[in-house]
Q: 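Can you read through this structure? Questions will come right after.
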Amino acid sequence: MKRKGLLQFNILAKAKVAVVLLVAEILMLFSGLTACGDTAEEVPELMEPTSLAESYRTVTKRVVGRVKYHKATVVPTEHPVFSEKPLPILQINVGVGDYVEEGQVLVTGGTSDNNDQISELQNSIASLQRLRAKQENVSNETINILGYEKLIEEYLQDADGINEKNKNVLIEEENKRYELADIDNQISEQRALLSKLQNEVSECTLTAPCSGRVCFVKDVTKSNMASPYENIITIIDENDLYIECEDITLENYQYNDYKSKWAYINGKQVNLVEKKYTTDEVAYATSVKKNPRMGFEVPGEKLTMGVDVILCFLEEKNTPKIVVGNDSINYGTDEDYIYVKNENGAKEKRIVELGVTDGLYTEVKSGLKEGERVFYENTALVPEKYEVEVASIGDYSEEQSTKTVNFAYPYYDIYVAEVDGTYRKLRDIGDASEGDALFSIESSVGKGEIDEISDDIDDLDAARKEAIKAYEDGKNGINEALTYADPDYGTDTDAIRENMYLSERMDCQSNILDYEEDYSSKDYTANRGYLSSVLQKMRKGTTVMDGRSDYTQYSTGPGRIEFVAFNEDSVIEKNSFIMAEGIRKEEENTRLFAVMGSLSAIPPVSATVGRTVTLKQGSKTTTGTCIGKNGISDRYMLFTRNGKPCVTYSAPFKKNAEFQFYVEMDSKIEPKDLTKCEMTFNGVDVRDAVVISSSALRSEQSQLNDEFKYYVWKLEGDQIVKEYVDVYHPQAATSTKLILNGVEPGDKVLK
C-alpha cells in the first residue's frame with residue numbers, strides 16, 4: 001500500500017524527535033542524580049546512552065486489522081408470560097425470585113363480569129339438565145301407566161279403547177321427543193356461550209411455560225392493564241445460557257460475513273456462533289420492527305451467568321501475522337520501507353510490502369522476518385526508574401454503588417372495584433401493616449334492584465312451599481286410593497278400569513311425584529343459592545356504619561402503597577383499578593430492592609441477573625445475588641410458541657429510575673441493617689482476561705486527529721520497547737486495565 005504526500009511531514013517529525021531526545025537526555029541525567037527508591041530497578045545497561053539510543057522493536061506476530069469490540073453479558077434464556085390481547089390483571093401469584101413449575105397458574109386476569117356470566121350460565125345449564133332428567137322420567141312413567149291402561153282395554157276386548165291408548169302413547173312419546181329436543185337445544189346454545197366465556201377466562205389465566213425462577217414481574221402499582229405481548233412475568237432457565245450484546249440488534253448486525261468472531265472465555269480464545277432464529281421469526285420481527293439484541297453461543301464451553309465478555313469481530317482471519325508498528329513505516333513516492341538493525345548494529349533500509357492495518361500496526365507481507373529489530377520513531381521518554389510487572393490472566397471489574405436500598409415488596413395485592421359507587425379514602429401512600437383499612441366503597445346500586453332480587457327469592461320460597469304441599473297431598477292421595485281400592489272388582493267395566501293394575505299404576509304415579517319433588521328440591525336449592533350470592537354482591541357497600549362502608553378493604557401486610565387512583569368522594573365504576581399494594585413476607589427478610597444513585601463516578605448501570613452484590617454498613621458486609629432487574633421497553637424477546645412467532649418486551653418499573661434491581665441476600669436482613677448503608681457490585685465484570693496494573697498503561701495524543709493512543713513499555717531482554725495496545729474503557733478509574741490486544745500473559749511491562 002503506497003502513501004504519498006507525507007514525506008515533508010516525516011522530515012519535520014524527525015527534526016522534532018531529535019529535539020525531544022536531546023531534552024530527554026538532560027532530564028534523564030538530572031533524574032538519575034536525584035532519584036531513589038528500594039523497589040525500583042535501573043534501566044538495563046544499553047550499548048548506547050539512553051537519551052541517544054535509537055528505539056528498536058522486535059518484529060513479532062500479532063492479530064492485526066480493524067477489530068470491532070463489543071461488551072456483552074452472559075444471560076439466561078428467558079421465557080415470557082404474556083397475553084396476546086389487552087388484559088386487566090386481577091392477581092399475580094408469584095414474586096421475583098420465586099421458583100415455579102411448568103403449568104403453574106401465575107396470573108389471573110379479566111373482569112368479574114365474565115365470571116358472573118359464567119356462574120349464571122352454569123346454574124342455568126344445571127337447571128336445564130335437571131329439568132330434562134325429570135321430564136324424561138315423568139314421560140316414561142306416563143307411558144308405563146298408558147301401557148297398563150292398554151292391558152285393561154285388551155282385557156275388556158275394547159278395540160276402540162285399545163286404539164285410543166295406542167294413540168295416547170304415540171302422542172306422549174312425540175311430546176317427550178319434542179320437549180327433550182327443545183331442552184337439549186337450550187343446553188347446547190348455553191354451553192356454546194359458556195365455552196366462549198370460559199375460553200376468554202382461560203386466555204386471561206396464564207401459566208408457567210416452563211419450570212424456572214422468576215426474574216421479572218410487571219409493575220402494577222399504577223395500573224393493572226397489560227398491553228398485548230407485554231411481559232407480565234419472565235422466567236429464566238439458569239441452565240440455558242448465552243451471550244447477549246446490548247449494542248447490536250438482529251436488524252443492525254453487520255458481522256455475518258466476517259471471517260473471525262471470537263471471545264476469550266475461561267482463559268482461552270473461543271469462536272462465537274450467532275444465536276439461531278427461524279426464517280419465520282426473523283421475518284416477523286422485521287415486519288413489526290421489534291428486533292432482539294444479538295445473541296451468541298460458544299458450543300462446548302461452560303458459561304457463567306452474569307459475567308461480561310468482550311466480543312471481537314474481524315473481517316479477515318484472526319491468524320497472527322508479522323507486523324510492524326505504523327511508527328516504523330516510511331512512505332516513499334513509489335515504495336514503503338522501514339529501517340532494520342542489521343547484524344553489525346547499523347540501520348539498514350528495507351523495502352516492504354504492506355497488508356492490512358488497524359491504525360497502530362500494519363501487516364508486512366514481504367521484506368521482513370519475525371525476530372528482526374526495526375526502528376520506530378519515539379517521542380515519549382523511556383522510563384529510567386520502574387517496577388516490572390508480568391501481565392497475567394485475571395479479572396477486570398468496574399465497581400458501582402448505590403445508597404438507595406430497601407426491602408423488596410415482590411408480591412402484589414391488586415384491588416379493583418367490585419361495585420359501582422363512591423370512593424372513600426382511608427389510607428394514603430406509604431407503608432401499611434396487616435389489618436390496616438385501605439379504602440371503602442359506598443355502592444350506588446339502587447334499592448329497586450335489590451328489592452327485585454329479594455322478591456325473586458321470596459317467589460322461590462313460596463313456590464317451594466307449594467311444591468312440598470303438592471307432593472305431600474299427592475302421596476296421601478295415592479295411599480288413600482290403595483287403601484280403599486276394591487280387590488274384587490268383578491265384571492263391571494268401570495270397576496275393572498278403576499281397579500285393575502291399580503297398585504302398578506299407583507307405583508308409577510308415586511315415581512312421578514318423586515321425580516317432581518327431587519327436581520323441585522334441587523332446583524330450588526341451586527337457584528336460591530345463586531340468587532342469594534347475587535343479592536349479597538348487590539348489597540356490598542350499601543351498609544355504612546361509623547362512617548365506613550361494609551365494603552372495606554384491609555391490608556394483608558406488611559405492605560407498601562405507591563399510588564392511589566382516586567381521590568375522596570370520587571365516583572368509580574365496577575372493575576375500576578383502585579390500587580396495588582406491594583407485599584413482602586416478613587419472615588424471609590432476604591429480598592432487597594436497589595435503585596442506582598445519580599452521583600456515580602462512572603455512568604450508572606444495573607446489576608445483571610446472577611451478579612454478586614455486597615451490602616455495606618460501616619465495617620459490616622453481607623453478600624447476595626441479583627435475581628431480577630428493571631424492564632427495558634426496547635429489549636425484545638423473539639421466540640415461537642404454539643407454532644406462532646412472537647415478540648414480547650418488559651416494560652420498565654414506574655418508579656422514575658432506570659437502573660433498579662432485586663437482590664436475594666445470603667442471610668436475613670434486619671431493618672437496622674438498611675440505615676446508612678450502600679450496595680456495591682461490578683458494573684463491568686470480565687473474567688479470565690489479560691490484565692495489567694493501571695500504572696503500566698500510558699497514553700499519548702495523536703498530532704493528526706487529537707485522539708488518544710494507549711501503549712505500554714514492554715521489557716524484552718535488556719531492551720525497553722514501546723508497544724501500542726487496545727484497551728477496554730481506558731479512562732475508567734480502576735486499579736487494573738483490561739488489554740484486548742498487544743500484551744500476552746507472561747509479557748513484562750513497566751509500571
Q: Let me know which of M637, E230, R635 forms a side chain to side chain contact (heavy atoms under 4.5 Å, CB included) with Y649.
A: E230

Q: Inspect the surroundings of NZ in K668 and state if more than 12 heavy atoms from other residues, nucleotides or ligands are less than 6.0 Å away.
A: no

Q: Evaluate whether atom CD of E568 has more than 12 neighbouring non-hydrogen atoms of other residues, nucleotides or ligands under 6.0 angstrom away.
A: yes

Q: Centre of Y99's six-membered ring, under 6.0 Å away, within 45 degrees of the axis: is that where NZ or CZ of R213 sits?
A: no

Q: If you draw the axis of the six-membered ring of Y242, does the NZ or CZ of K275 fall within 45° of it and under 6.0 Å from the ring centre?
A: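 Positive - K275 is close enough to the ring of Y242 and near enough to its axis.
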
Q: Where the side chain of R497 meets the backbone of D492, is there a donor-acceptor pair that is under 3.5 Å apart?
A: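 No, the answer is negative, given that no donor and acceptor are paired below the 3.5 Å cut-off.
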
Q: Does atom CG of N567 have more than 12 heavy-atom neighbours, drawn from other residues, nucleotides or ligands, at distances under 6.0 Å?
A: no

Q: Donor-acceptor pair, distance only, cut-off 3.5 Å: does the side chain of D518 make one with the backbone of D514?
A: no

Q: Among D182, D184, D523, exactly one meets salt bridge (Lys or Arg N to Asp or Glu O under 4.0 Å) together with R132. Which residue is that?
A: D184

Q: How long is the span from the OG1 atom in T77 to the CD1 atom in I235, to the nearest 0.5 Å?
A: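 With rounding to 0.5 Å, OG1 (T77) is 13.0 Å from CD1 (I235).
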
Q: Any idea how F566 and Y423 line up, ring-wise: parallel (<30°), tilted (30 to 60°), or perpendicular (>60°)?
A: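 Geometry flag for Y423 against F566: tilted rings.
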
Q: Under 3.5 Å, side chain of S202 to main-chain N/O of Q198, donor-acceptor pair present?
A: no

Q: Quick check against the 3.5 Å criterion: does S195 have a side-chain atom that pairs as donor or acceptor with the backbone of A192?
A: no

Q: Crowded around K522 NZ? As in, over 12 foreign heavy atoms under 6.0 Å?
A: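 At most 12 heavy atoms, drawn from other residues, nucleotides or ligands, come within 6.0 Å of this atom.
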
Q: Ignoring hydrogens and geometry beyond distance, is a side-chain donor-acceptor pair present between Y411 and N93 at under 3.5 Å?
A: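 The criterion, which ignores hydrogens and geometry beyond distance, is not satisfied for N93 and Y411.
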
